[in-house]
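First the structure, which I've put down as structure tokens, then a few questions once you've had a look.
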Amino acid sequence: MIPLSTPLRFLPLLPSELQLATVLKSGQSFRWARFDTVHASKPDVAAETAGAAPGAEDSKPALEAKEQLVQGEEWAFGWGDRTVVLRQDSQGIHYRSLYPPIPPYAAYAADLKSDTTLPLLKSYFQLDTPLAPLYAEWAAKDAHFKKKVEAEGERLEGIRVLNQDPWECLISFICSANNNISRITLMVNRVCESLGAPLPHPTSFHPSTIHTLSSLSTLTPLPSPPSTPVLYAFPPPSALTPSSTDPLLRELGFGYRAPFIEWSANYLVDLAEEQKTTPLEYLESLRKGKFDGDLGGAREKLMEFKGVGRKVADCVALFSLGWKETVPVDTHVFQIAIRDYSFPSSKTTALTPVLHDRVCARLQTLWGPHAGWAQQVLFFADLKPSSGSASPSPSPKKRSGSTTPSATTTVVRNKFEEELKEIMENPGKRRRVSVKVELKEESGSESEGKVTKAVKKSGKTKKAAT
DNA sequence: ACTAACCCTATGTA
DNA sequence: ATACATAGGGTTA
């Protein structure tokens with residue numbers, strides 16, 4: 001498919017307000033794919049800038065005639081009905097959207113007319129919330145935070161919490177249980193490949209596919225080359241409700257989380273129907289400011305989904321529903337609390353619900369109404385310890401010196417890494433697993449019986465209040 | 001309130 | 001270099 005592209009647009013934004021490369025890979029979203037751009041509208045310019053390092057600024061288009069030339073890294077995301085492609089420089093974010101060339105091009109036309117991508121970006125990155133004042137607030141309230149940020153400099157700049165689609169967020173973090181970021185990424189991308197709608201791939205972008213509203217009226221679909229790269233959207237709840245979901249996900253490496261996801265998809269779809277709303281609307285009803293209740297109440301609602309405990313519920317609340325004050329406490333954050341905030345580690349090494357509450361409350365008190373945002377900064381600080389200065393937790397496993405991790409390490413590329421890399425860089429190949437969506441007898445669905453009540457998540461005493 | 005079991009993979013240790 | 005143990009942004013029963 002030869003995508004329809006919007007013009008390249010620009011959103012002024014200081015790097016201190018958003019550090020794209022960091023935020024998109026900080027473990028909030030697992031679906032952003034990075035590309036080293038090779039496109040240039042002018043060969044001479046391409047040759048000139050090709051060797052430049054990614055950090056090199058001011059290699060801005062000296063030739064302002066065509067601004068589509070790009071070098072360095074770009075980020076792409078299958079976003080509902082479009083693929084959004086982003087690139088950051090010192091001045092801000094360059095963005096464009098790619099649409100499938102499917103008549104009548106309504107979404108594309110709307111984007112051309114009024115830039116429907118911009119509000120998406122503003123919402124997703126929560127740009128109505130300036131970051132600088134928050135950093136100042138946290139530094140004032142927390143000496144350790146201040147010290148850490150000052151010591152690490154630019155590396156910790158521009159780290160903010162995303163406002164993601166709550167459905168994708170829910171499923172993604174169900175996958176996160178007892179798991180690592182690499183595998184979560186692999187799993188999420190696999191399910192998109194299998195069940196998500198195909199969208200244009202950024203490498204198939206070409207300047208000639210940028211249209212105007214007037215030219216759009218006469219546009220005829222171009223013949224699609226057989227093997228144009230594709231990207232995928234995240235599958236909607238209805239795509240994960242069939243009984244084939246569990247076995248499929250197991251095949252995709254989801255392990256014991258597979259049935260949780262099928263169950264939760266059914267729970268959500270049934271619940272929404274019951275309340276005469278849509279799945280997304282239901283989740284949105286749990287948003288801070290909209291939800292009729294406090295954080296604890298929203299958390300409880302989220303924990304009704306299977307595979308969602310306290311920590312995952314906090315992640316969904318923070319990363320997709322506007323509960324900016326919550327601090328998801330996992331083993332990692334727990335260790336940070338012990339190490340840096342003199343949290344009593346005493347006897348219990350296990351992270352019990354009670355301890356969970358104490359840590360969360362403590363950090364909320366310390367950091368204030370945006371505690372979850374502050375946590376994200378410190379979490380990243382530990383995620384990839386800086387190799388340069390004296391980091392508080394330079395895991396002793398690393399030896400300094402050797403620039404390369406020995407020949408053996410280099411050579412041994414396991415399948416897992418290769419497939420991950422392959423998927424992230426080249427989603428074009430259809431590795432789609434066939435799924436038969438056999439609708440198991442929808443015969444006269446009980447008007448009120450519904451699966452919802454019958455299969456209510458057990459083990460969670462919510463109504464019975466112990 | 002505590003604990004083992006859970007799918008699977010990377011990394012560390014013998 | 002191969003075998004074994006442990007942990008990874010937990011949750012369930």
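Convention: sequence-line order gives letters A, B, ...; per-chain numbering from 1. As the structure is a prediction and not an experimental result, all values here were calculated from the model.
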Would you mind reading off the distance between A:I174 atom CD1 and C:dG10 atom P, rounded to a whole angstrom?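 One finds 15 Å between P of C:dG10 and CD1 of A:I174, rounded.
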Heavy atoms only, 4.0 Å cut-off, all strands: where does A:F254 land among base, sugar-phosphate and nothing?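 No contact.
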Of A:C315 and A:F260, whose nearest nucleotide on DNA chain C comes first from the 5' end?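 Looking at DNA chain C, the more 5' nearest nucleotide goes with A:C315.
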Once you apply a heavy-atom cut-off of 4.0 Å, does A:Q376 come out as touching a base, just sugar-phosphate, or nothing?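 Base: the residue A:Q376, judged by heavy atoms under 4.0 Å, touches a nucleobase.
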Rounded to the Å, how far apart are A:K306 NZ and B:dC6 P? 16 Å
Expressed in whole Å, how much space separates the P atoms belonging to B:dA4 and C:dT6?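 About 13 Å, rounded to a whole number of Å.
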Using atom OH of A:Y256 as one end and atom P of B:dC6 as the other, report the distance to the nearest whole Å. 11 Å
Straight-line distance of A:S16 OG to A:Y135 OH, nearest 0.5 Å: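 Atom-to-atom, A:S16:OG and A:Y135:OH are 9.0 Å apart.
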N or O in side chain of A:T331 less than 4.0 angstrom from C:dG10 OP1/OP2: yes
How is A:S26 classified with respect to the nucleic acid when contacts are heavy atoms under 4.0 Å: base, sugar-phosphate, or nothing? base
For a quick test of reading the model: is some side-chain N or O of A:R250 closer than 4.0 Å to OP1 or OP2 of B:dC7? yes
Do the rings of A:F334 and A:F343 sit parallel, tilted or perpendicular, given the 30° and 60° boundaries?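 Taking A:F343 first and then A:F334, their aromatic rings stand perpendicular (interplane angle over 60°).
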Only one of A:Y124, A:F234, A:Y232 passes ring pair (Phe, Tyr, Trp, His ring centres under 6.0 Å) with A:W79; say which it is. A:Y124
Kindly point out which of C:dT12, C:dG10, C:dG9 is positioned nearest to the side chain of A:Q375?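 Side chain of A:Q375 sits closest to C:dG9.
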Nearest to the side chain of A:N178 - C:dG8, C:dT11, C:dG9? C:dG8
Please evaluate the base of B:dC7 for a donor-acceptor partner in the side chain of A:R183 within a cut-off of under 3.5 Å?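 Side chain to base: pair present.
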Sticking with atom C1', work out how far B:dA1 lies from C:dA13, rounded to a whole angstrom. 14 Å
Length of the CD1-P vector between A:I184 and C:dA7, whole Å: 18 Å
So what does A:V333 hit on the nucleic acid, given a heavy-atom distance under 4.0 Å: a base, only sugar-phosphate, or nothing? nothing
Applying side-chain contact (heavy atoms from CB on, under 4.5 Å) to A:N178 and not counting sequence neighbours gives A:Y256, A:R257
Can you tell me how far P in B:dG12 sits from the matching atom in C:dG9, rounded to whole Å?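 Taking atom P in both B:dG12 and C:dG9, they lie 13 Å apart.
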Can you tell me how far P of B:dA10 sits from CG of A:N179, to the nearest Å?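 From A:N179 CG to B:dA10 P: 11 Å.
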With heavy-atom distances below 4.5 Å as the criterion, would you say the side chains of A:L98 and A:L231 are in contact? no
Parallel, tilted or perpendicular: which fits the ring planes of A:F319 and A:F173, with parallel below 30° and perpendicular above 60°? tilted
Tell me: CD of A:E251 to C1' of B:dC8, nearest whole Å? 15 Å
Using atom P in both nucleotides, what's the gap between C:dA3 and B:dC7 to the nearest angstrom?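 Straight-line distance between the two P atoms is 25 Å.
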A:L252 atom CG is separated from B:dC8 atom P, nearest whole Å, by 12 Å
Using whole Å, what does the distance between atom C1' of nucleotide C:dG9 and atom CZ of A:R257 come to?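 These atoms are roughly 12 Å apart.
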Identify each donor-acceptor pair in which a side-chain atom of residues 365-373 of chain A lies under 3.5 Å from a protein atom, sequence neighbours left out, and give them as a table.
from   : atom 1 : to     : atom 2 : distance (Å)
A:T365 : OG1    : A:A361 : O      : 2.8
A:W367 : NE1    : A:D142 : OD2    : 2.9

By the definition side-chain contact (heavy atoms from CB on, under 4.5 Å), identify the one residue from A:C175, A:S176, A:S172, A:C169 that meets it with A:V312.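 Answer to the side-chain contact (heavy atoms from CB on, under 4.5 Å) test with A:V312 among A:C175, A:S176, A:S172, A:C169: A:S176.
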Only stems of 3 or more consecutive Watson-Crick or G-U pairs count here, both distances under 3.5 Å; name the ones for DNA chain C, or none. B:3-6 with C:10-13, B:8-14 with C:2-8
